[in-house]
Amino acid sequence: MRFALSSGRTVPQGSFIEHKLSKGYQRATSMIYIHPLDLMELGLESGDRVHVTSDFGSVVLTTETTEDIQTGCVYIALGPYANAITGGYTHATGMPDYKDITVEIEPTDDPVPTVWDLMEIVGGLRYGH
Amino acid sequence: MDIKDVPCPFCGCLCDDISVRLEDNRITGVENCCTLGNAKFLSKGRLQHPIMRRDGKWVEVTYEEAIDETARILSDAMRPLLYGWSGTIGEAQVVGVHLAEEIGALIDSTTSVCHNPSILAIQEVGHPGCTLGQVKNRADLVVYWGCNPIEAHPRHMSRYTTYADGYFIDNTATDRKVIVVDIRRSEGAKIADEFIQVKPGGDYLVLSALRAIVRGRGDVIPDSVAGVKKVQLQRVADLMMKAKFGAVFFGLGVTMSRGKYKNVRNAIELVSELNRKTKFTISAMRGHFNVYGFNEVLTWMAGYPFAVDFSRGIAFYNPGETTVIDLLERKEPDACLVVASDPGAHFPKSTIEHMAAIPTVQIDPCVNATTALCQVQIPVAITGIEAAGTAYRMDGVPIRMKKVLETEFPTDQEILERIVTRIREMRSHG
Ligand code: SF4
């Protein structure tokens, strides 16, 4: 199913901002907020995982229902998960499209990657003791 | 020991009424702070030594080695990029701008991916703004447009608007109305007198409709605009025109969605329109505690607020070309220095792919997503807790950040100064 995805700040995302590699930050930024009717149409329950794909990439996220957004729209906290599906084109303004990204959402059993996983996908190297 | 009136080094509200309790050079209690600020004051876990990648592995190195390597990377580069700056003080930003000029780098800040469109709009049509003190004492109508104060600036409402006592406001609970415009029913929307739920990308249309109504041309408005009913638009326009002093605050919902700076321009023009009937101001909800400060520093040093390219030997500013995302998307930089920000977590995938492919150095107290993209990371003192200096609040008011803890870690400013000195030495030895 197609949706308009936007990203923005949330309190859980903000309070883990100094601990970007923690489980808490991962949970807070890999949650995709979706209207219960849309979730029903996907045949899923809150907490099930989905594959979210845009023109720029694809990532596995965990669903969380909320009636605070309209049907057809989904929302995610800003962070590395949102950016895995954000493009770098700025329409010559310097600002990429972080809001209103067209995405395709389908159910999946794949695991949600960690922040380190995402950084290694782009060529980085995780740091651990 | 308690230290009073400590400014919080987290968001652009820069609340300067925080009390911190200290025991043995450790923070054991924080008062007046919100969840976000608390988490920062009480945060544990940081990078203990400079680290560097050798043969595909991380190794611990000395400050001397890390600074040497950084100086070598930056002086060898043809197109260095210096990015970040919003989480440090003006004094360190000044050294950053000098460094950029000296090595012909492009310097940009997190502004580029937050309120850059607001600055572009202000450059086009001006800024009818005011300080937060004016809003607190005078505003009987507050509009939060595309921002989420409860989640992103948790004390904005209690310090300056809805829950704050005002000198000219008798009863803030009843005399101050709040309008929230957003694509989702955020926490702020739930306590608003009017909540306008716009379809994603519809801000420009709704702003234009309100302008038309304020202009007395409500007749041209269709029954519904971007999902908002005309009757509601009419009601909101009336509220705005009847206010004695209205204050609009806008956030990334406006700057990041389709239309970008044109959305902000339209919002400013709505405010200008309203100023023909009453008093109205508009201000950006700036995110990082000193993102505004970088705009000040760069403007007084180079003439422009962000995205300045020194590669021609002069300060050159052309947003869309000299902005960090465009530069990385064109894969131009051949070295990158990141200071006090985390592009790894906040930049689109294609751009951080390039950062991982070039020598990138980070100066930051903590391990973060950007660490993985770096060749070198140099840990520093936490600004605003372990290092003092100047930061600018979201309304442009400078506030002195305090040092409440002693630390052995060097400050951002010291590290940057040592890098500059080392580059000069390398260059003088050819
Ligand atoms: S609102 Fe911002 S500045 Fe104030 S305490 Fe919270 S995070 Fe700190």
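What's counted below: heavy atoms across the whole structure, side chains too, no hydrogens, waters or symmetry copies. Lettering of chains follows the sequences in order, A, B, ..., and the numbering in each one begins at 1.
- A donor-acceptor pair shorter than 3.5 Å can be found between the side chains of B:Thr370 and B:Asp342.
- With no hydrogens or angles considered, a side-chain donor-acceptor pair links B:Asp326 and B:Thr323 at under 3.5 Å.
- Formation of a donor-acceptor pair under 3.5 Å by the B:Thr322 side chain with backbone atoms of B:Asn318 is found in this model.
- Interface residues of residues 104-120 of chain A toward chain B, defined by a heavy-atom distance below 4.5 Å and sorted by number: A:Val115, A:Trp116, A:Met119.
- Counted by atom type alone, B:Gln362 and B:Asn368 present one or more donor-acceptor pairs between their side chains at under 3.5 Å.
- Between A:Tyr33 and A:Tyr75, the ring-plane angle classifies as tilted under the 30° and 60° cut-offs.
- Between chain A and the residues B:Gln197, B:Arg258, B:Lys199, the largest count of heavy-atom pairs under 4.5 Å involves B:Gln197.
- Chain A forms the most heavy-atom pairs under 4.5 Å with one residue out of B:Ser112, B:Pro319, B:Gly201, and that residue is B:Ser112.
- Both the backbone and the side chain of A:Tyr98 come within contact range of chain B, each with at least one heavy atom under 4.5 Å from a heavy atom of that chain.
- A 6.0 Å sphere centred on CZ of A:Arg126 holds more than 12 heavy atoms belonging to other residues, nucleotides or ligands.
- Of all heavy-atom pairs between B:Pro348 and B:Ile325, the closest is CD-CD1, 3.8 Å.
- Ranked by non-hydrogen atom pairs under 4.5 Å with chain A, the options B:Met355, B:Lys190, B:Glu321 are led by B:Lys190.
- Inter-residue side-chain proximity for B:Pro117 and A:Thr93 is flagged as unmet; no heavy-atom pair is nearer than 4.5 Å.
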Name each donor-acceptor pair under 3.5 Å that joins a side chain in residues 36-45 of chain A to protein atoms two or more places apart or in another chain, with its distance.
| unit_1 | atom_1 | unit_2 | atom_2 | d |
| --- | --- | --- | --- | --- |
| A:Asp38 | OD2 | A:Gly72 | N | 2.7 |

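- B:Lys229 NZ: 12 or fewer foreign heavy atoms inside a 6.0 Å radius.
- Looking at B:Cys11, neither its backbone nor its side chain comes within 4.5 Å of chain A, counting heavy atoms on both sides.
- Using a cut-off of 4.0 Å between Lys/Arg side-chain N and Asp/Glu carboxylate O, B:Glu60 and B:Arg53 are scored as not salt-bridged.
- With no hydrogens or angles considered, a side-chain donor-acceptor pair links A:His91 and A:Asp97 at under 3.5 Å.
- For the residue pair A:Asp100/A:Ser6, the side-chain donor-acceptor check at 3.5 Å is not satisfied.
- Residues of residues 82-90 of chain A lying under 4.5 angstrom from chain B, judged on non-hydrogen atoms, are A:Asn83, A:Ala84, A:Thr86, A:Gly87, A:Gly88, A:Tyr89, A:Thr90 in numerical order.
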Practice prompt. Check the pair B:Trp58, A:Tyr127 against side chain to side chain contact (heavy atoms under 4.5 Å, CB included), reporting the backbone distance first and the verdict last.
Written response: CA-CA 7 Å; B:Trp58 286 109; A:Tyr127 174 75; 3.4 Å; yes
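- Residues B:Glu329 and B:Ser350 have side chains that bring a donor and an acceptor to within less than 3.5 angstrom of each other.
- Residues of residues 57-71 of chain A lying under 4.5 angstrom from chain B, judged on non-hydrogen atoms, are A:Asp68, A:Ile69, A:Gln70 in numerical order.
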